[in-house]
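Heads up, the thing below is written out as structure tokens.
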Amino acid sequence: AGGRGRAGGGRGPAAPPPIMTSGAWEDGGVIPDKYTQAAGAQAPSPELKWSQVPPGTQSFVLLMHDPEPVLNKGSKMDITHWLIWNIPGTSTGLPESVASGELPDGSRQVSLRGNAYMGPGAPPGPYHHYMFEIYALDIKLDVPQGTPQQAAATRTAVFDAMDGHVLGKALLVARFRRQQ
């Protein structure tokens, strides 16, 4: 190898992968009720930060989803709690309480219930795991703003448009369960 890469064709990342954090909980920890449906339908989005952004990043896509429910006996989709795309590539995070709809910086968003963040709402019982995934892209996406009724189709369109343009990805996990 002689310092020119690893065996196997140098498939690993050339730089450290992106990192995503929140000051509200630690990765894998319980998300505070303030950011969940336990606080009401209009719960604020949590502050999120990311670092170690790959060079050449033009935009970000953030997906927050609950992968545990099975919808219509299918395997292709879970519950989209928040999808926000075309976050500027110079961004290092999102503030708490992101406004709904298309944002002044060109970011667009959708969830199952609106054009905004939808907090965790798992029923009583075992914890559900909510995945916050941030993708660094080498392009800005040409995907129009969707409606809540089109959330699944919009998510598919965003991920289809991202294919072949992902420079890096980070994941932050939050747990939540409604109290009995």
Side-chain angles (χ1 to χ4, degrees), residues 18 20-22 24 31 34-51 53-54 56-72 74-122 128-174 176:
M20 184 168 39
T21 60
S22 177
I31 188 169
K34 171 183 179 179
Y35 304 108
T36 73
Q37 292 175 37
Q42 301 301 320
S45 60
E47 177 187 42
L48 299 169
K49 295 184 182 248
W50 48 84
S51 59
V53 174
T57 298
Q58 298 298 307
S59 71
F60 295 97
V61 171
L62 176 79
L63 171 64
M64 178 204 170
H65 62 115
D66 180 353
E68 289 161 322
V70 175
L71 302 176
N72 301 321
S75 64
K76 294 184 180 167
M77 195 63 67
D78 53 29
I79 296 181
T80 303
H81 280 260
W82 198 21
L83 175 64
I84 180 167
W85 64 103
N86 288 342
I87 302 166
T90 55
S91 175
T92 58
L94 293 171
E96 183 176 277
S97 300
V98 170
S100 63
E102 190 166 340
L103 302 177
D105 65 9
S107 299
R108 297 173 177 159
Q109 57 187 321
V110 70
S111 71
L112 191 61
R113 294 203 183 136
N115 289 94
Y117 171 80
M118 180 178 84
H128 278 226
H129 297 84
Y130 293 84
M131 307 298 172
F132 289 78
E133 300 174 10
I134 190 79
Y135 296 84
L137 307 180
D138 64 4
I139 62 168
K140 188 174 175 182
L141 301 177
D142 187 19
V143 177
Q145 178 74 55
T147 66
Q149 296 79 17
Q150 302 165 326
T154 301
R155 179 172 162 184
T156 298
V158 165
F159 275 76
D160 286 349
M162 288 170 43
D163 197 29
H165 297 283
V166 177
L167 299 174
K169 174 184 176 182
L171 178 69
L172 178 66
V173 178
F176 176 75

Problem set entry | side-chain hydrogen bond (donor to acceptor under 3.5 Å, both in side chains) partners of residues 39-49, not counting sequence neighbours, each pair once | none

Exercise. Looking only at heavy atoms, which two atoms of Ile31 and Pro120 are closest? And how far apart?
Worked result: CG2-CG, 4.1 Å

Exercise. Just checking, any donor-acceptor pair under 3.5 angstrom between side chains of Gln150 and Arg155?
Worked result: no

Exercise. What heavy-atom pair brings Val158 and Leu83 nearest, and what distance separates the two atoms?
Worked result: CG2-CD2, 4.0 Å

Exercise. Tell me, do His65 and Glu133 make a side-chain contact under 4.5 Å, heavy atoms counted?
Worked result: yes

Seminar exercise, completed: When rounded to the nearest 0.5 Å, the distance separating NE2 of His128 from OG1 of Thr36 is 13.0 Å

Exercise. Quick one: OG on Ser59 to CE on Met162, what's the gap to the nearest 0.5 Å?
Worked result: 9.0 Å

For this session: Please say which of Thr80, Asn115, Leu112 ends up in a side chain to side chain contact (heavy atoms under 4.5 Å, CB included) with Pro148.
Result: Asn115

Exercise. Counting only N and O atoms by type, is there a donor-acceptor contact under 3.5 Å from the side chain of Arg108 to the main-chain atoms of Gly101?
Worked result: no

For this session: Go through the steps for Leu141 and Ile139 under the test side chain to side chain contact (heavy atoms under 4.5 Å, CB included), then give the verdict.
Result: CA-CA 6 Å; Leu141 301 177; Ile139 62 168; 3.7 Å; yes

Problem set entry | Step-by-step side chain to side chain contact (heavy atoms under 4.5 Å, CB included) determination, His81 to Gln37 | CA-CA 11 Å; His81 280 260; Gln37 292 175 37; 4.0 Å; yes

Problem set entry | Asp142, CG atom: more than 12 neighbouring heavy atoms under 6.0 Å | no

For this session: Kindly write out the residues that satisfy salt bridge (charged side-chain N to carboxylate O under 4.0 Å, His left out) with Lys140, not counting sequence neighbours, or none if the list is empty.
Result: none

For this session: Could you walk me through whether Tyr35 and Tyr130 pass the ring pair (Phe, Tyr, Trp, His ring centres under 6.0 Å) test, one step at a time?
Result: CA-CA 12 Å; Tyr35 304 108; Tyr130 293 84; over 10 Å; no

Exercise. Are any of the side-chain heavy atoms of Thr57 and Asp138 separated by less than 4.5 Å?
Worked result: no

Problem set entry | Over 12 foreign heavy atoms within 6.0 Å of CG, Asp105 | yes

Exercise. What distance do Leu48 atom CG and Thr92 atom OG1 have between them, rounded to the nearest 0.5 Å?
Worked result: 11.5 Å

For this session: Give the minimum heavy-atom separation between Ala161 and Val143, together with the two atoms involved.
Result: CB-CG2, 4.0 Å

Exercise. Is a donor on one side and an acceptor on the other found under 3.5 Å between the side chain of Gln109 and the backbone of Trp85?
Worked result: no

For this session: Working to the nearest 0.5 Å, report the span between CD1 of Ile84 and OG of Ser111.
Result: 11.0 Å

For this session: Can you see which heavy atom on Pro54 is nearest to which on Pro18, and at what distance?
Result: CD-CG, 3.9 Å

Exercise. Under 30°, 30 to 60°, or over 60°: which ring-plane class applies to Phe60 and Trp50, parallel, tilted or perpendicular?
Worked result: tilted

Exercise. Between Gln58 and His165, do the side chains contain an N or O donor and an N or O acceptor separated by less than 3.5 Å?
Worked result: no

Problem set entry | From CA spacing to verdict: side chain to side chain contact (heavy atoms under 4.5 Å, CB included), Ile134, Val61 | CA-CA 6 Å; Ile134 190 79; Val61 171; over 6 Å; no

Problem set entry | Evaluation steps, side chain to side chain contact (heavy atoms under 4.5 Å, CB included), between Met64 and Met131 | CA-CA 5 Å; Met64 178 204 170; Met131 307 298 172; over 6 Å; no

Problem set entry | Donor-acceptor contact present, side-chain Thr156 to main-chain Ala152, <3.5 Å | yes

Exercise. In chain order, what residues pass the ring pair (Phe, Tyr, Trp, His ring centres under 6.0 Å) check against Trp82, with sequence neighbours excluded?
Worked result: Tyr117

Exercise. What heavy-atom pair brings Ala174 and Phe132 nearest, and what distance separates the two atoms?
Worked result: CB-CE1, 4.1 Å

